[in-house]
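Residues: numbered from 1 along the sequence shown. Values reported hereafter were calculated over all heavy atoms of this structure, with side chains retained and with hydrogens, waters and symmetry mates removed.
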Amino acid sequence: MNLFEAVKESVSPRQIADYYGLSVHNDMVSCLFHDERTPSMKLYDDHFYCFGCGKHGDVTDMVGELYGLSPKEAAEKIWTYVNTLDTKS
C-alpha cells in the first residue's frame with residue numbers, strides 16, 4: 001500500500017475538517033475555496049464536494065489546497081496527523 005492509499009484509508013474529510021477547526025454541521029462546512037455565508041461544502045466518507053464552486057476531491061486534495069502543498073506534501077502532512085492518532089490510542 002502506498003502513502004496515498006494509506007492516508008485515504010486512515011482518515012476522512014470530516015476528521016480533517018475537525019482537526020483543522022472547521023465548523024461542521026450535518027457534514028456541511030463553509031467552503032475553504034470561496035467566500036460564502038451558508039455552508040455549501042459536503043463532507044462524504046471518502047471525498048468532499050462544494051455545491052457552490054464545484055471543487056471536489058479527497059483528503060489529500062483538501063489539505064493540499066488549504067496549505068498550497070503538492071499532493072505528496074499534503075499526504076505526508078496528513079500522515080503525520082494519522083500517526084498522532086495512533087499514539088493516543
Could you pull out the closest heavy-atom pair between C50 and C53, with the gap in Å?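 Result for this residue pair: SG-N, 3.3 Å.
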
On a heavy-atom basis, which atom in V59 and which in P13 lie closest, and how many Å separate them?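 Residues V59 and P13, closest heavy atoms: CG1-N, 3.4 Å.
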
Salt bridge present between K72 and E76 (N-O < 4.0 angstrom):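 A salt bridge is present here (some side-chain N lies under 4.0 Å from a carboxylate O).
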
What pairs with S23 under side-chain hydrogen bond (donor to acceptor under 3.5 Å, both in side chains), at least two apart in sequence or on another chain?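 Once residues adjacent in sequence are excluded, the partners of S23 under the side-chain hydrogen bond (donor to acceptor under 3.5 Å, both in side chains) criterion are H25.
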
Under a 4.5 Å cut-off applied to non-hydrogen side-chain atoms, are [X] and [Y] in contact?
X   : Y   : value
L43 : M62 : yes
F51 : C31 : no
L22 : L32 : yes
F33 : M41 : yes

Sequence-distant partners of E65, salt bridge (Lys or Arg N to Asp or Glu O under 4.0 Å), two or more places apart: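 Expected list: K55.
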
Output all residues satisfying salt bridge (Lys or Arg N to Asp or Glu O under 4.0 Å) with D18, sequence neighbours left out; order by chain, then residue number.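 Salt bridge (Lys or Arg N to Asp or Glu O under 4.0 Å) list for D18, sorted by chain: R14.
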
What pairs of residues pass the side chain to side chain donor-acceptor pair (under 3.5 Å) test when at least one of them lies in residues 39-52, not counting sequence neighbours?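 Only E36-S40 qualify under side chain to side chain donor-acceptor pair (under 3.5 Å).
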
Could you state whether V24 and M28 fall into the same hydrophobic cluster, counting links through intermediate Ile, Leu, Val, Met, Phe, Trp or Tyr residues with side-chain heavy atoms under 4.5 angstrom apart?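 In one cluster: no.
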
Identify whether V82 and F4 are in the same connected component of the hydrophobic contact network (ILVMFWY, side-chain heavy atoms under 4.5 Å).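 Different hydrophobic clusters.
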
More than 12 heavy atoms from other groups under 6.0 Å of CG on N26: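 Check fails, neighbour count at 12 or below.
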
Tell me which pairs pass salt bridge (Lys or Arg N to Asp or Glu O under 4.0 Å) where either residue lies in residues 2-13, with sequence neighbours left out.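 Residue pairs passing salt bridge (Lys or Arg N to Asp or Glu O under 4.0 Å), neighbours aside: K8-D58.
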
ring-ring contact (aromatic ring centres under 6.0 Å, His included) involving H34 - partner list, sequence neighbours excluded: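 Expected list: none.
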
